[in-house]
Amino acid sequence: MIGANLRRYGTLLGFAAMVVFFAVNLPDTFLTARNLLNVTQQISMLAVVAFCMTVVMAMGDFDLSVGAMASLAGVVAAVLFVAGWPVGLAIAAALGVGLLGGLLNGVLVSFLGILPFVATLGTMTVFGGLAFLVSDGRTIFGRDIPASFSGFARSGLEMGDLRIPALTLVALGVLAVIWAVLEQTPYGRRLYAIGGNIEAARLAGTRVVKLRLLAFCFTGIGAAIAGLMYASRVASANPTQGDGLMLDAIACVFLGMTMSEEGEPRVLGTLLGVLLLGLLDNGLTQMNVDSYIREVLVGVIILLAVASGRIGAFRRR
């Protein structure tokens, strides 16, 4: 019983302990509504990528190319802005690039049978190189970004004295879509069946190839959305702006998996992982802790969360 509870609630308890620690040490700033809303805006790009990554990881795969795709989508939109394209068409083109990238990953993995690690590692390099090629290796600054595009990230939904950032609303919308897809549709149930036993799912008549192809489309589009969000927030685009998204997104999904009784990726668990990393970043920044300490702490948190899951599994044997 203790092992099972540790496995399922260890990450949640760790999250609560972290919140209490920062609340005690930063009593005037950490748990204020303004700071928490600021955190949601800061983590919105990671949240979108992590939610979409959950779809792929539900079937036992992952996508290493999402960070490079986010960079590519951002610079594609920025270059089109410079060329005089309307904002709507430039955004649609960037999302189309994300969809094509997801389709490419899906074809390599599902049709050609290349291991996801190898396939998406290769496309990560391709997308990253294309981002440098399209942008000519330079940052496209605010003067070339339309005010209607950059202004989106500064807008929001007014609620009394507070304003919910527009980027937070986008992340919540993606969360709702992914939750509905994974938890409320036959497609989502089949993805979990593939993740449980791909051969059994195939023998049961599941169209594994098609479902895996569609799953990678989610990560491609999600990465493109995140790239556009980042470009809007900083009113610029550069070929490395998505660096770090991939590892953090996978970490968030793994943290969420520790809360599932079956050890499966669940998007609400991923949300907890995103909040954990976001609040950790925010608290450490306010305490003026060096940024490299954050990397150490994230690694330790992931190891402890996974270890607690293994302890629970051993106790059940």
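Everything numeric here is computed off the predicted structure, so don't read it as measured data.
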For Ser150 against Ala235, the heavy-atom pair lying closest together: CB-CB, 3.8 Å
Can you tell me if Thr219 and Asp63 form a side-chain donor-acceptor pair at under 3.5 Å? yes
Roughly how far apart are Leu31 CG and Leu26 CG, rounded to 0.5 Å? 9.0 Å
Distance-only criterion, 3.5 Å: show the donor-acceptor pairs between side-chain atoms of residues 193-200 and protein atoms not counting sequence neighbours.
unit_1	atom_1	unit_2	atom_2	d
Asn197	OD1	Glu199	N	3.2
Asn197	OD1	Ala200	N	3.0
Glu199	OE1	Arg202	NH1	3.3
Glu199	OE2	Arg202	NH1	2.8

Qualifying side chain to side chain donor-acceptor pair (under 3.5 Å) pairs with a residue from residues 17-32, counting only residues at least two apart or across chains: Thr29-Gln286
Which atom pair, heavy atoms only, marks the closest approach of Val87 to Ser148? CG2-OG, 3.4 Å
Which atoms form the tightest heavy-atom contact between Gln41 and Thr168, and what is the distance? N-OG1, 3.4 Å
So, Thr123 versus Asn105: side-chain donor-acceptor pair below 3.5 Å or not? yes
Atom pair CG (Leu279) and CZ (Phe21), whose distance is rounded to the nearest 0.5 Å: 13.5 Å
Pairwise distance CZ(Phe62) to CE(Met57) - rounded to 0.5 angstrom: 8.0 Å
Stepwise, does the salt bridge (charged side-chain N to carboxylate O under 4.0 Å, His left out) test hold for Arg266 with Glu183? CA-CA 9 Å; Arg266 300 285 178 179; Glu183 304 293 340; 3.0 Å; yes
Listed by chain and number, what are the salt bridge (charged side-chain N to carboxylate O under 4.0 Å, His left out) partners of Arg233, not counting sequence neighbours? none
